[in-house]
Colleague: 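First the structure, then my questions, so here it is.
What you see below is based on every heavy atom in this structure, not just the backbone, and it leaves out hydrogens, waters and symmetry mates.
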Amino acid sequence: MKRYHGLIPLLAVLLLMQGCNDEYLQKIDELEGRVAALKQTCDKLNGNLASVRALYSVYEDYDMVTSITTFDDGSGYRLNFVNHAPVTITNGKDGLKPIVSSKWNSAEHAACWTVQYGEGAEEWLRDPDGNLMHVTGSIPYVTIRNNMFVLTWDNVNWVELGKADGQQGDSMFASIDSSNPNYVVITLSSGDRLKFPTYASYLALKEEIEKVNDDTRAQVELLEAFRGKLTWIESITPILSAGDTTGLTVTLSNGKSLNVRDWTTSLSPAIYVKKDTDGRLYWAYTIGLSPERWVLSPDGSKVPADSDPVEVPLVGIARDTVDSQFYWTVTAGDSTRFLRSLVDSVWTPKAVDSVSRVFLSVRDYPDSLVVVRKDSTKFVLPKQYSVSIFDSNGAAVADRLDMAPGQRATLRYRASGTGVSLTLLTQGGFSATRQTDSTFVIQAPGSFTSGQGRVVAVFSFQNGASPVTVVKTINIYKKEE
């Protein structure tokens with residue numbers, strides 16, 4: 001029995017050693033897990049640093065968001081842009097540390113990197129020469145050395161951020177807001193906000209710009225058409241948008257064409273011709289129901305609309321470098337300026353249900369197109385192969401003319417087309433003679449029965465091998481004495 005006495009202490013030692021070994025292995029596993037977690041945190045931090053750098057590049061290039069993808073696990077977002085590669089934003093956790101972020105520095109006129117550890121103060125990240133580090137310059141890189149979080153931008157200079165004690169964090173992005181259809185707003189942990197316009201809103205605004213500038217150019221073509229010789233409409237084509245007619249493309253006999261719209265449904269500028277107290281025509285603008293203002297050149301003078309050639313101010317949008325928002329602009333000559341209200345605030349383009357028109361109405365009749373401008377000026381454009389007849393007072397003569405016995409009446413006509421010829425047929429003792437290229441004369445007999453006299457005017461237009469004929473019949477009634 002004595003030979004077993006020595007084994008008992010040996011077994012106790014072996015069991016004790018096994019327990020220590022298990023505890024040691026457990027601590028090794030915990031350490032490896034903590035190191036892996038810290039490495040994952042560094043990777044996440046560095047990914048977010050690269051994302052911040054990329055976002056500022058997008059921001060400075062005035063790019064626009066096309067879409068946002070939310071990760072299924074809720075860990076972050078992917079922002080897609082028109083001209084830049086997608087940028088991934090990873091959600092941070094409140095209260096974790098260290099925090100590497102960025103904020104706008106007014107003295108530098110740029111966004112600069114900042115660092116903060118624990119409850120310490122947020123500080124600017126500086127290079128060895130003491131200069132602030134711009135976000136669009138070098139990208140900081142976070143890693144762990146000697147159980148400390150360290151940051152470098154060149155693998156030569158290192159900044160200690162604090163102990164890697166497991167309380168690491170990555171709250172670089174505070175929030176992302178895409179509730180506004182016109183902008184996506186990203187708020188950084190520093191409080192700085194990056195505002196990116198959406199591409200969809202830009203396309204909608206671009207369509208509105210085309211409408212506004214179409215109406216502006218149309219006014220010039222209308223003025224020129226009425227300033228020169230007789231001009232008529234050769235064709236009218238509807239402008240369609242999503243299956244709806246939103247305007248008309250009008251082709252004129254002088255080789256010009258214009259797009260006319262009178263159903264703009266967004267709060268877009270209206271630029272139109274207005275007569276000033278000096279009797280001249282100038283360009284003016286307004287938005288919605290706001291008071292009108294003159295379009296001004298850089299020297300503060302009004303831009304004339306009756307010059308030759310006419311200087312046409314065109315509407316556009318531009319992004320302000322201060323707040324990164326888009327605003328309406330007007331370009332006249334070589335000068336582009338923001339459109340401002342009477343209280344001097346800049347107008348922000350928005351897609352809302354409000355009407356701002358250059359033309360009060362556009363009516364397409366069988367023989368003419370009648371356009372009424374904002375200032376109530378009426379333009380009547382005859383159509384090709386149409387004929388209008390007027391009396392000496394300028395009143396239109398349809399199918400009736402009142403005359404006294406023996407009276408001589410000179411009528412003016414407007415025939416829209418090329419190679420027009422006129423043949424006059426009469427009955428009831430009346431005679432008719434073509435006088436000039438735009439007038440003819442009717443002579444009443446000394447006595448006639450009311451309603452029995454008649455003049456038939458036959459207008460023939462050259463149209464290749466198939467001439468077009470327009471017949472106008474005028475019944476003559478005796479004037480009451």
Side-chain angles (χ1 to χ4, degrees), residues 222-223 225-236 248 250-254 360-373 376-481:
L222 288 171
L223 288 170
F226 280 83
R227 181 186 301 170
K229 62 182 181 180
L230 175 64
T231 304
W232 59 84
I233 296 172
E234 292 188 343
S235 65
I236 295 179
L248 301 172
V250 182
T251 303
L252 302 176
S253 59
N254 61 4
L360 297 181
S361 67
V362 178
R363 298 294 178 261
D364 186 9
Y365 295 106
D367 61 348
S368 63
L369 182 73
V370 180
V371 179
V372 180
R373 208 170 54 191
S376 299
T377 301
K378 181 185 291 186
F379 297 94
V380 180
L381 288 172
K383 293 185 177 179
Q384 191 173 27
Y385 310 131
S386 65
V387 176
S388 299
I389 300 176
F390 308 91
D391 64 18
S392 59
N393 296 319
V397 176
D399 57 359
R400 173 174 175 150
L401 180 65
D402 294 336
M403 296 183 67
Q407 181 183 354
R408 178 185 174 90
T410 300
L411 302 183
R412 181 173 57 87
Y413 65 87
R414 182 180 62 203
S416 304
T418 56
V420 62
S421 61
L422 172 61
T423 301
L424 296 167
L425 306 175
T426 62
Q427 67 180 52
F430 287 82
S431 64
T433 306
R434 183 175 183 179
Q435 189 177 49
T436 68
D437 287 341
S438 59
T439 61
F440 62 91
V441 176
I442 299 176
Q443 178 65 57
S447 175
F448 66 90
T449 303
S450 183
Q452 296 299 308
R454 185 172 290 107
V455 174
V456 178
V458 181
F459 296 86
S460 296
F461 300 89
Q462 292 180 358
N463 185 32
S466 303
V468 175
T469 300
V470 176
V471 178
K472 292 288 187 178
T473 300
I474 303 174
N475 298 300
I476 302 175
Y477 293 82
K478 186 181 294 186
K479 278 187 179 180
E480 295 182 1
E481 297 181 1

Colleague: Can you tell if the side chain of Leu381 reaches within under 4.5 Å of the side chain of Leu222, non-hydrogen atoms only?
Modeller: yes
Colleague: Look only at the side chain of Thr439 and the backbone of Thr436, and say whether a donor-acceptor pair between them is shorter than 3.5 Å.
Modeller: yes
Colleague: Do you know the tightest heavy-atom contact between Asp367 and Ser386?
Modeller: O-OG, 3.4 Å
Colleague: Drop me the distance from Arg414's CZ to Ser388's OG, to the nearest 0.5 angstrom.
Modeller: 4.5 Å
Colleague: Among Leu223, Val370, Leu369, Val372, which residue satisfies the side-chain contact (heavy atoms from CB on, under 4.5 Å) criterion with Phe379?
Modeller: Leu223
Colleague: To check you understand the geometry: which heavy-atom pair defines the closest contact between Val397 and Arg400, and what is its length?
Modeller: CG1-O, 3.6 Å
Colleague: Just by distance, do the side chain of Asn393 and the backbone of Ala395 share a donor-acceptor pair under 3.5 Å?
Modeller: no
Colleague: If you take all heavy atoms of Pro445 and Gly428, which pair is closest and at what distance?
Modeller: CG-O, 4.0 Å
Colleague: Among Gln407, Met403, Arg408, which one satisfies side-chain contact (heavy atoms from CB on, under 4.5 Å) with Ile442?
Modeller: Met403
Colleague: So how far is it from Lys383 NZ to Ile236 CD1, rounded to the nearest 0.5 Å?
Modeller: 4.0 Å
Colleague: Return the CD1 to CG distance between Ile474 and Asp399, rounded to the nearest 0.5 Å.
Modeller: 9.0 Å
Colleague: Say you draw a straight line from CD of Gln384 to OG1 of Thr418; how long is it, rounded to the nearest 0.5 Å?
Modeller: 7.0 Å
Colleague: First locate atom OG1 of Thr469, then atom CZ of Phe461, and finally report the distance between them rounded to the nearest 0.5 Å.
Modeller: 9.0 Å
Colleague: Could you tell me if the side chain of Val441 sits less than 4.5 Å from the side chain of Thr410, heavy atoms only?
Modeller: yes
Colleague: What distance do Asp364 atom CG and Leu248 atom CG have between them, rounded to the nearest 0.5 Å?
Modeller: 6.0 Å
Colleague: Please tabulate, for the side chains in residues 446-460, all donor-acceptor contacts under 3.5 angstrom to protein atoms that are two or more places apart in sequence or on a different chain.
Modeller:
{"residue": "Ser450", "atom": "OG", "partner": "Lys478", "partner atom": "N", "Å": "3.1"}
{"residue": "Arg454", "atom": "NE", "partner": "Asn475", "partner atom": "OD1", "Å": "2.7"}
{"residue": "Arg454", "atom": "NH2", "partner": "Asn475", "partner atom": "OD1", "Å": "3.2"}

